[in-house]
K.L.:
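Following this message is one structure expressed as structure tokens.
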Amino acid sequence: MRILSSEVTTHVGDTITLKGWVQSRRDHGGLIFIDIRDHQGITQLVIQPETAAAFALAEQLRDEYVISARGLVRDREEHLKNPHLASGGVELKVDELVILNRSEPLPIQLHGEAMASEDLRLKYRYLDLRRPKMQTMLTARADLYKRIRDFMETNEFTEVSTPIIANSSPEGARDFLIPSRIHPGKFYALPQAPQQFKQLLMVGGLARYYQLAACFRDEDPRADRLYGEFYQLDLEMSFVDDGEEVRSLTEPLIKSLVTEFAYKQLLSADVPRLTYSEAMERYGSDKPDLRYGLELIDLSSDLAASGFGVFAGALTAGGVVKAIRVPGAASLSRSQIDSFTDIAKTEGAGGLAYLTFADGEVKSPIAKFLQPAELAAIQQKTGAADGDIVFFGADARTVVNKVLGRLRIEFANHFNLKDPNVIALCWIIDFPFYEMNEATQQLDFGHNPFSMPKGGLAALAHPDKLSIVADQYDMVMNGYEICSGGVRNHSPEVMYEVFAVLGHDQAYVDARFGAMIGAFKYGAPPHAGCAFGIDRILMELTGETNIREVVAFPKNGSGVDVMMSSPSVVEAPQLTELHIETVE
RNA sequence: GGGCUCGUAGUGAAGUGGUUAUCACGCCUCCCUGUCACGGAGGAGAUCACCGGUUCAAAUCCGGCCGGGCCCGCCA
């Protein structure tokens, strides 16, 4: 009878077979201990010289040999029990030993405290995956999938697989292209998201769609962004014209994942809704981490008549003066403050003014430029107390928000304000429909062109296009964007107008979104949906800071699979078949 | 595309101009009957990423180049 190591303790007195890898061998000369590891755990084998054949084989064993061991499970004497091992109360006295496969010494150490570099771990991922942590990750991911599916099915969503071999999207991220063999010069593309397909499913009469969808984007990766492919919980609901319906339906899923899957604590029972502009004003970010305060405080009106040139200059130019109070920051050294100043400068600030509150007084090079009433207002509005520093940003509103938003994160990191056991969720709503492209000074889509502008056609006529708001929402988890969605634009008339604002005619829209806009002409129901980033959720819920840690076989930061050596060159005939000229 | 940073036995690290490049783990040989991070004795293993320069002398300084990581751009 073959059993798993997790069951060993219940088989005392039985003769069983264990199969697994050699975790370690302790050869005492006349007595050999082997720790055998399967995917459930570790069990100690004892091989004695009396079982000569097994003993001879045991002497040959090395780390990571694959073996099968048959013998009697017996209780250990009290003083021989190992409390550090789940099966430490018992051991297997081996009668028969079989070496199923041998192993060369491993190129990376799996069980020591010295962890191999990520590069080597990825090259030998099939070994890295043997580590208990990675085994746990794989099963956690499968558990996450199951919980998501259960929730979606309970809520009467229907999973539909949409094409992987699809069409290039003219807007958005860089596509992975697939040359067509049958149609010379034409290309398929891997979908960046099933966006258009799911909207067409709504037109097709499906009430509620979902999919654990693979998405493909050829953009440079980050620690929280995979290269190439990633997975989304993609969903869409018909006859929904209010994003709140999508938010309130999906919110319990994420909450339950926090408390019942990750066993973490929600910062608040209610998930706050923040408008985009409110988030930018208070946190300097559209994905604020709400686990800590450090809010941005607008002091423009209090400093309107300031004699301090930097403040006055910013305000007369139409900008703002905002501040961030950092409790306990008076302990910062000069060089630490300098490094925060450098960060502020990389974000576009000219410098970083600050007031130190210590010993009952205000210490700062800039204090002499400020009136007592101004200092009092600053202290009152920021709540600054002894031991704090108030840092200032004075510039155009967008610059100040960006600089202080970045500093807010840096301060939180420096002062360790992120509680790893707490998950803070929030929804960011009402994104601007259009934004100004700083480089080209041209109007462009803020988020995506498929959302419904709030107010529809009438709103699009507003002279200030930047004031138009999209019925578009993101969910943020501890500072990471984990969901993006919107009420879709299902009206051909509004769709054409959305593009017309940017100067595109109907032919432009038809050429790019012909299938979808064509479908909308045949009774498209109002619909709304969203997509949750599964990898990112799993990363944050498992406390990882690198998203590659939650993927079995990720590409590295250069988009290379160092294990499989992809991308790779292909044979010339393959290229010929695809009508691609060979480049030498 | 840009910025910062790292590259030293199989693995992880130490080594900021000067003998034979150090340590831990791993590996090999021998010894060991209660270990569980077993222990003991011995041994092998390095193009200090690569190329060039400065110097009496370079792992160390300088230039270049390749590779990794993080960030900016980018990610509708």
Side-chain angles (χ1 to χ4, degrees), chain A residues 23-36 42-50 55 59 62-64 76-85 87-89 91 93 103-124 127-128 169-175 192-193 195-196 215-228 230 339 342-343 346-348 402 406 409-410 431 433-435 437-439 444-451 470 472 481 484 486 498-499 502 512-513 531 533 536 545-546 548 556-560 562:
Chain A
Q23 172 90 6
S24 73
R25 180 181 64 116
R26 294 178 293 279
D27 186 344
H28 288 242
L31 178 70
I32 299 173
F33 297 101
I34 302 291
D35 285 345
I36 184 172
I42 290 170
T43 303
Q44 173 166 280
L45 310 180
V46 186
I47 301 101
Q48 294 176 308
E50 292 74 34
F55 194 83
E59 288 184 307
R62 296 294 182 271
D63 285 356
E64 299 303 312
R76 300 197 202 179
E77 289 178 45
E78 203 55 40
H79 68 287
L80 300 179
K81 291 185 194 296
N82 181 357
H84 304 298
L85 207 58
S87 66
E91 62 190 8
K93 185 188 174 303
S103 173
E104 295 181 14
L106 263 40
I108 57 174
Q109 284 176 242
L110 302 186
H111 309 296
E113 58 266 38
M115 172 87 77
S117 71
E118 191 196 17
D119 205 32
L120 277 169
R121 288 177 56 210
L122 290 179
K123 181 174 180 181
Y124 299 101
L127 298 177
D128 191 47
S169 318
E171 313 271 339
R174 219 172 270 120
D175 280 317
Q192 297 174 24
Q195 182 70 31
Q196 294 195 59
C215 303
F216 305 89
R217 293 175 193 177
D218 183 11
E219 294 293 348
D220 289 356
R222 290 284 187 281
D224 65 344
R225 210 164 75 197
L226 290 159
Y227 177 77
F230 63 98
S339 71
D342 288 342
I343 292 166
T346 66
E347 297 293 338
K402 188 176 174 219
R406 169 70 188 275
I409 294 168
E410 298 291 338
F431 280 82
F433 199 95
Y434 297 106
E435 65 184 15
N437 185 321
E438 297 293 337
D444 205 349
F445 290 114
H447 237 63
N448 82 54
F450 304 110
S451 298
Q472 157 90 43
E481 176 193 322
S484 193
V498 157
F499 281 89
L502 298 184
R512 287 160 180 79
F513 310 103
R536 217 174 258 177
T545 52
N546 187 321
R548 295 186 289 269
N556 74 4
S558 303
V560 173
V562 288

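Order of the sequence lines sets the chain letters (A, B, ...), proteins ahead of strands, with each chain counted from 1.
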K.L.:
Counting only side-chain heavy atoms from C-beta out, which of B/rC27, B/rG69, B/rG1 sits nearest to A/Asp220?
P.N.:
B/rG1
K.L.:
Rounded to the nearest 0.5 Å, what's the gap from OH on A/Tyr227 to CD on A/Glu219? Could you check?
P.N.:
9.0 Å
K.L.:
For B/rC4, which nucleotide is its Watson-Crick or G-U wobble mate, given both distances must be under 3.5 Å?
P.N.:
B/rG69
K.L.:
Determine the contact category for A/Ser558: base if any of its heavy atoms lies under 4.0 Å from a base atom, sugar-phosphate if only primed atoms, P, OP1 or OP2 are that close, otherwise nothing.
P.N.:
sugar-phosphate
K.L.:
Main chain of A/Ser103, side chain of A/Arg62: is a donor-acceptor contact present, judged purely on distance under 3.5 Å?
P.N.:
no
K.L.:
How far does the C1' atom of B/rC48 sit from the matching atom of B/rG1, given to the nearest Å?
P.N.:
32 Å
K.L.:
Please confirm whether the backbone N or O of A/Asp224 pairs with a side-chain atom of A/Arg536, one donor and one acceptor, at under 3.5 Å?
P.N.:
yes
K.L.:
Distance check, C1' atoms only: B/rU22 and B/rU60, in whole angstrom units.
P.N.:
15 Å
K.L.:
For A/Glu77, answer base if it contacts any base atom (sugar-phosphate contacts may also be present), sugar-phosphate if it contacts only those atoms, and nothing otherwise; contact means non-hydrogen atoms under 4.0 Å.
P.N.:
nothing
K.L.:
Please test A/Leu106 against A/Asp63 for side-chain contact (heavy atoms from CB on, under 4.5 Å), starting from the C-alpha separation and ending with a verdict.
P.N.:
CA-CA 8 Å; A/Leu106 263 40; A/Asp63 285 356; over 6 Å; no
K.L.:
Which value, in whole Å, describes the distance between the P atoms of nucleotides B/rA49 and B/rC6?
P.N.:
13 Å
K.L.:
Is the centre of the A/Phe445 ring less than 6.0 Å from the centre of the A/Phe499 ring?
P.N.:
yes
K.L.:
Does a salt bridge link A/Asp220 with A/Arg225, judged by any charged N lying under 4.0 Å from a carboxylate O?
P.N.:
no
K.L.:
Taking only residues two or more places apart in sequence, or in another chain, which ones meet A/Asp175 in a side chain to side chain donor-acceptor pair (under 3.5 Å)?
P.N.:
A/Ser168, A/Gln192
K.L.:
Any Lys/Arg nitrogen of A/Arg121 or A/Asp128 sitting under 4.0 Å from an Asp/Glu carboxylate oxygen of the other?
P.N.:
yes
K.L.:
Using a 4.0 Å heavy-atom cut-off to protein, can you give one letter per nucleotide of nucleotides 28-36 of chain B, 5' to 3': B if the base is in contact, S if only the sugar-phosphate is, - if neither?
P.N.:
SS--BBBBB
K.L.:
Does B/rU60 have a Watson-Crick or wobble mate here (both distances under 3.5 Å), and if so which one?
P.N.:
none
K.L.:
Using purine N1 to pyrimidine N3 plus N6-O4 or O6-N4 for Watson-Crick, or N1-O2 and O6-N3 for G-U wobble, both under 3.5 Å, which nucleotide pairs with B/rU29?
P.N.:
B/rA41
K.L.:
With sequence neighbours excluded, what pairs up with A/Phe230 under the ring pair (Phe, Tyr, Trp, His ring centres under 6.0 Å) test?
P.N.:
none
K.L.:
Would you tabulate the nitrogen or oxygen pairs shorter than 3.5 Å linking the protein to nucleotides 10-12 of chain B?
P.N.:
unit_1	atom_1	unit_2	atom_2	d
B/rG10	O2'	A/Pro107	O	3.1
B/rG10	N2	A/Gln109	OE1	3.0
B/rU11	O2	A/Gln109	OE1	3.1
B/rG12	OP1	A/Ser117	N	2.9

K.L.:
Given the P atoms of B/rA14 and B/rC61, what is the spacing between them in whole Å?
P.N.:
15 Å
K.L.:
Rounding to an integer number of angstrom, what distance separates B/rA13 and B/rG73 when you compare their P atoms?
P.N.:
30 Å
K.L.:
So for A/Asn556 and B/rG69, does any side-chain atom that can act as donor or acceptor lie under 3.5 Å from a complementary atom in the base?
P.N.:
no
K.L.:
Nearest heavy atom decides the nucleotide; on that basis, is A/Lys402 or A/Gln192 closer to the 5' end of RNA chain B?
P.N.:
A/Lys402
K.L.:
What's the CD-P distance between A/Glu410 and B/rC70, to the nearest Å?
P.N.:
16 Å
K.L.:
Can you tell me how far P in B/rC31 sits from the matching atom in B/rG67, rounded to whole Å?
P.N.:
50 Å
K.L.:
Work out how far the P atom of B/rG17 is from that of B/rA58, and round it to whole angstrom.
P.N.:
14 Å
K.L.:
Using purine N1 to pyrimidine N3 plus N6-O4 or O6-N4 for Watson-Crick, or N1-O2 and O6-N3 for G-U wobble, each under 3.5 Å, what pairs with B/rC36?
P.N.:
none
K.L.:
Taking donor-acceptor contacts at under 3.5 Å, does the side chain of A/Arg217 reach the base of B/rC75?
P.N.:
no
K.L.:
I'd like the C1' distance from B/rC27 over to B/rA9, given in whole Å.
P.N.:
11 Å
K.L.:
Does B/rU55 pair with anything, Watson-Crick or G-U wobble, both distances under 3.5 Å, and if so, with which nucleotide?
P.N.:
none
K.L.:
Can you give me every donor-acceptor pair (side chain of residues 77-84 of chain A, partner residue at least two apart or in another chain, under 3.5 Å) with its distance?
P.N.:
unit_1	atom_1	unit_2	atom_2	d
A/Lys81	NZ	A/Arg76	O	3.3
A/Asn82	OD1	A/His84	N	2.9

K.L.:
Take A/Asp35 and A/Arg26 through the side-chain contact (heavy atoms from CB on, under 4.5 Å) test and state the conclusion after the steps.
P.N.:
CA-CA 8 Å; A/Asp35 285 345; A/Arg26 294 178 293 279; 3.0 Å; yes
K.L.:
Please enumerate all protein N or O atoms sitting under 3.5 Å from an N or O of nucleotides 5-9 of chain B, with distances to 0.1 Å.
P.N.:
none

K.L.:
Of all heavy-atom pairs between A/Ser451 and A/Gly486, which one has the smallest distance, and what is that distance?
P.N.:
OG-CA, 4.5 Å
K.L.:
Mind checking A/Asp444 for me? I need base, sugar-phosphate or nothing, with any heavy atom below 4.0 Å counting as a touch.
P.N.:
nothing
K.L.:
Check this for me: A/Glu104, atom CD, are more than 12 non-hydrogen atoms of other residues, nucleotides or ligands nearer than 6.0 Å?
P.N.:
no
